[in-house]
Amino acid sequence: MSGLRIYGIARTRAFRALWMAKELGLDYEHLPIEIGDAGARSPEFLAINPNGRLPVIIDDRFVLFESLAITLYLAKKHASGKLYPATLEAEAKAWQWSFWAISEVDRGVNIWSLHAVRLPPAERDAAKREEALMVLAAPFKVLDAALAAQPYLLGGEFTVADLNVAAVISRAIDMDLSALPDLKAWLTRCLERPAARAALALKSKADNETPPEVTRRIARINRP
Ligand SMILES: N[C@@H](CCC(=O)N[C@@H](CS)C(=O)NCC(=O)O)C(=O)O
């Protein structure tokens with residue numbers, strides 16, 4: 001046992017850490033904590049992550065929050081020179097794509113999926129869905145163009161940069177991506193990896209078991 005604990009139900013951004021742990025073949029404990037007062041905002045959890053959000057990991061006694069900081073840390077610790085780039089420049093490119101994913105596309109994909117897939121049909125807001133698609137249009141074109149030139153974000157091999165961006169936009173696989181063929185092919189390729197499929201199975205199970213009131217809460221607490 002590596003002493004790694006991953007907190008957060010797989011429906012949340014904990015999916016990203018779970019995918020990385022599976023990609024690396026790590027032995028870990030998954031604590032499928034729920035959002036809100038029953039889980040991530042309980043006094044015990046706030047003592048670990050004062051943000052009250054998921055995911056967080058404890059690796060032996062090292063505590064880390066922010067999903068993509070977690071994946072970068074795990075990749076660097078366990079797969080330097082493989083999943084984690086060996087050169088300074090390639091490492092910086094992995095950071096570039098990771099920060100890009102969080103700042104440019106994370107929120108839009110989340111809002112789109114709530115109002116296209118996850119909320120009960122009668123509660124989906126078409127205006128929010130359309131606005132999310134408008135916000136995503138320009139960055140998705142950038143991603144599509146980057147992937148027209150090479151099969152993966154840093155070149156010929158799958159790395160933490162691909163895992164981070166593909167994990168952040170994984171719910172976009174349900175969008176009509178026909179105008180973005182290189183993005184679509186790359187996202188499909190990434191999500192078909194055995195580690196991704198195993199993590200996605202956990203995510204789908206958690207999605208299917210999520211009561212509508214939790215999904216409503218997620219839609220309510222989404223920051224504007
Ligand atoms: N930037 C953070 C965002 C974390 C986040 O917002 N997590 C959501 C679940 S996916 C959460 O815990 N929401 C519950 C809340 O804010 O009360 C990360 O990537 O880890």
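From a predicted model like this one, the values you see are computed outputs, not experimental measurements. Just so it is clear, the values below take in all heavy atoms, side chains as well, and ignore hydrogens, waters and symmetry mates. Index from 1, following the sequence.
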Undergrad: Do Lys82 and Glu157 sit within salt-bridge range, that is, some charged N less than 4.0 Å from a carboxylate O?
TA: no
Undergrad: Is Arg41 paired with Glu34 through a side-chain N to carboxylate O contact shorter than 4.0 Å?
TA: no
Undergrad: With sequence neighbours excluded, tell me which residues meet salt bridge (Lys or Arg N to Asp or Glu O under 4.0 Å) with Lys205.
TA: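 With sequence neighbours excluded, Lys205 shows a salt bridge (Lys or Arg N to Asp or Glu O under 4.0 Å) to Glu209, given in chain and number order.
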Undergrad: Gln150: what forms a side chain to side chain donor-acceptor pair (under 3.5 Å) with it, not counting sequence neighbours?
TA: none
Undergrad: Applying the side-chain contact (heavy atoms from CB on, under 4.5 Å) criterion to Arg11, which one of Leu54, Thr215, Val214 satisfies it?
TA: Val214
Undergrad: Under the rule for side chain to side chain donor-acceptor pair (under 3.5 Å), what residues qualify as partners of Arg193, not counting sequence neighbours?
TA: Glu23
Undergrad: Looking at Arg197, I'd like to know if its CZ atom is crowded, meaning that more than 12 non-hydrogen atoms belonging to other residues, nucleotides or ligands lie closer than 6.0 Å.
TA: no
Undergrad: Working to the nearest 0.5 angstrom, can you tell me the gap between Leu31 CG and Ile9 CD1?
TA: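 Output value for this atom pair is 12.0 Å.
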Undergrad: In Å, rounded to the nearest 0.5 Å, how long is the span from NZ of Lys203 to CG of Asn208?
TA: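 Answer rounded to 0.5 Å: 12.5 Å.
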Undergrad: Would you compute the distance between atom CE of Met175 and atom OG of Ser113 and round it to the nearest 0.5 angstrom?
TA: 8.0 Å
Undergrad: Check this for me, if you would: do Asp59 and Lys77 make a salt bridge, where the nitrogen-to-carboxylate-oxygen distance has to be below 4.0 angstrom?
TA: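 Looking at Asp59 and Lys77, the cut-off is met.
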Undergrad: Taking the side chain from Asp125 and the backbone from Ala127, do they hold a donor-acceptor pair closer than 3.5 Å?
TA: yes
Undergrad: Do Trp186 and Asp162 meet the criterion of a side-chain donor-acceptor pair at a distance under 3.5 Å?
TA: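 Checked: Trp186/Asp162 side chains pair up, N/O donor to acceptor below 3.5 Å.
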Undergrad: For the residue pair Trp19 and Phe15, does the interplanar ring angle fall in the parallel (under 30°), tilted (30 to 60°) or perpendicular (over 60°) class?
TA: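 Judged by the thresholds at 30° and 60°, the geometry between Trp19 and Phe15 is tilted.
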Undergrad: Heavy-atom count around Lys184 NZ within 6.0 Å, excluding the residue itself: above 12?
TA: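 12 or below, so no.
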Undergrad: Let me know which of Lys93, Gln96, Glu91 forms a side-chain contact (heavy atoms from CB on, under 4.5 Å) with Leu154.
TA: Lys93
Undergrad: Looking at Asp60 and Arg5, is there a salt bridge between them, counting it only when a charged N and a carboxylate O are closer than 4.0 Å?
TA: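 Salt bridge flag = no for Asp60 with Arg5.
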Undergrad: Using a strict cut-off of less than 4.0 Å between a Lys/Arg side-chain nitrogen and an Asp/Glu carboxylate oxygen, indicate whether Asp106 and Arg16 qualify as a salt bridge.
TA: yes
Undergrad: For the side chain of Asp144 and the backbone of Leu183, is there at least one donor-acceptor N/O pair under 3.5 Å apart?
TA: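 Side chain of Asp144 to backbone of Leu183: a pair is present.
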Undergrad: I need the single residue from Tyr73, Phe65, Tyr28 that forms a side-chain contact (heavy atoms from CB on, under 4.5 Å) with Ile57. Which is it?
TA: Tyr73
